[in-house]
Amino acid sequence: MATSKKRRRDPERTMALKDHLRELRNRLIKAALGILLGAAAGFFLYDWLVQVLAEPILGFESEGRLAEIAFNTVGGPLDLMIRLSLFVGIVISSPIWLYQIWAFIMPGLKKTEKRYAVGFIAASVPLFLGGIAAAYSVLPQAVGFFLALNPEGTSNVINPDVYFSFVLTLFLAFGIAMVIPVVLVGINMMGLVSGKQVLKSWRGVIMLIAVISALAAPGGDAVSMFFLALPLTVLFGIAILLCMLNDRRRAKREAATDAEIDELLLD
């Protein structure tokens with residue numbers, strides 16, 4: 001509350017480092033509470049979620065090859081329940097923690113730019129969820145690709161810790177990667193990078209997309225990389241366009257301000 005009052009008294013957002021750190025701590029606490037509340041709902045979805053995510057493994061059968069999931073520790077089911085519940089918490093609370101990220105950035109923006117930031121907040125949630133949905137659609141192909149490499153007549157007995165780590169990494173990587181272009185626009189609105197700078201480095205952007213896609217696709221299979229690289233390329237293109245439009249709008253505003261100052265000086 002004290003920080004909020006301080007911001008209202010500080011229209012230029014020239015907060016001290018200590019205030020920034022306190023603000024960051026408060027935002028992180030709120031985001032963590034949101035995730036924990038969402039995780040509570042995850043406990044009730046545990047059995048259903050295990051069945052849905054394990055379907056590509058349990059339903060795999062090709063040319064005598066079989067696959068199954070088997071716990072090899074007594075505490076394995078509890079560990080898996082906690083991890084899947086936290087994942088559900090991250091997904092359900094995505095509007096909360098994404099808002100906290102942008103709420104920390106927004107005070108550095110001018111009032112006329114905040115309405116655009118609100119639009120980007122609204123865009124980041126469906127993009128994050130869309131990334132997870134894309135990962136889910138890719139999951140059967142990715143699992144089938146790896147399991148098909150088994151020699152004929154053999155079977156895979158997979159530790160749930162290994163399999164669900166693969167799945168959750170894939171889902172979160174897709175979701176976070178989809179939000180990166182939105183963060184790029186936010187950085188541009190803060191004045192840290194211009195649209196022209198990003199456009200000039202388009203080769204680096206394409207390389208970055210390739211690297212992100214490779215890292216986000218566990219095992220580096222081509223199917224997962226393609227499904228992530230294609231929408232990321234489109235989103236980065238839109239982000240660059242929005243950055244350039246924002247730069248043009250900022251330049252016009254600065255030119256108008258300079259003209260007013262010159263008129264005052266002449267008077």
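In this structure, Val167 is a member of the same hydrophobic cluster as Trp48, with clusters built from ILVMFWY side-chain heavy atoms closer than 4.5 Å. Residues Leu98 and Ile29 do not share a hydrophobic cluster, clusters being chains of Ile/Leu/Val/Met/Phe/Trp/Tyr side chains in contact below 4.5 Å. Cluster membership check: Leu245 does not share its hydrophobic cluster with Ile240, using side-chain heavy-atom separations under 4.5 Å among Ile, Leu, Val, Met, Phe, Trp and Tyr. Ile96 and Phe87 end up in different hydrophobic clusters when Ile, Leu, Val, Met, Phe, Trp and Tyr side chains are linked at under 4.5 Å. Cluster membership check: Leu86 does not share its hydrophobic cluster with Leu37, using side-chain heavy-atom separations under 4.5 Å among Ile, Leu, Val, Met, Phe, Trp and Tyr.
Side chains of Leu84 and Leu53 form a contact here, defined as non-hydrogen atoms less than 4.5 Å apart. Two residues are said to be in side-chain contact when any heavy atoms from C-beta on lie closer than 4.5 Å; Arg83 and Phe164 fail this criterion. A 4.5 Å side-chain heavy-atom check between Thr169 and Phe174 finds every atom pair outside the cut-off. In this structure, Phe236 and Ile180 have side chains that are in contact, with non-hydrogen atoms separated by less than 4.5 Å. Annotation: side chain of Leu139 is in contact with side chain of Leu170 (closest heavy-atom distance under 4.5 Å). When side chains are defined from C-beta on, Gln51 does not count as touching Tyr46, because their heavy atoms never get closer than 4.5 Å. In this structure, Ser94 and Tyr99 have side chains that are not in contact, with every pair of non-hydrogen atoms separated by 4.5 Å or more.
Heavy atoms only, all atoms of each residue included: Ser137 and Ala134 are closest at OG-O, 2.6 Å. Taking every heavy atom of both residues into account, Asp161 and Asn159 meet most closely at N-OD1, 2.8 Å. Among all heavy-atom pairs drawn from Leu80 and Pro160, the shortest one is CD2-CB, 4.2 Å. In this structure, Leu127 and Met178 approach most closely via the heavy-atom pair O-CB, 3.3 Å. In plain terms, the two heavy atoms of Ala239 and Pro181 that are nearest each other are CB-O, 3.6 Å. Taking every heavy atom of both residues into account, Ser124 and Val182 meet most closely at CB-CG1, 4.2 Å.
Counting non-hydrogen atoms of neighbouring residues, nucleotides and ligands closer than 6.0 angstrom, the CZ atom of Phe44 reaches no more than 12 such neighbours.
A distance-only check finds a donor-acceptor pair linking the side chain of Trp97 to the backbone of Ile90 [under 3.5 Å].
The distance from atom OG of Ser93 to atom CD of Gln100, rounded to the nearest 0.5 Å, is 10.5 Å. Rounding to the nearest 0.5 Å places CZ of Arg249 at 9.0 Å from CG of Leu242. Atom-to-atom distance recorded for Leu172:CG and Phe128:CZ is 6.0 Å, nearest 0.5 angstrom. Atom OG1 of Thr233 sits about 11.0 Å away from atom CD1 of Ile238, to the nearest 0.5 Å.
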With side-chain contact (heavy atoms from CB on, under 4.5 Å) as the test, would you mind laying out the steps for Val91 and Phe171 before giving the verdict?
CA-CA 10 Å; Val91 174; Phe171 282 18; over 6 Å; no
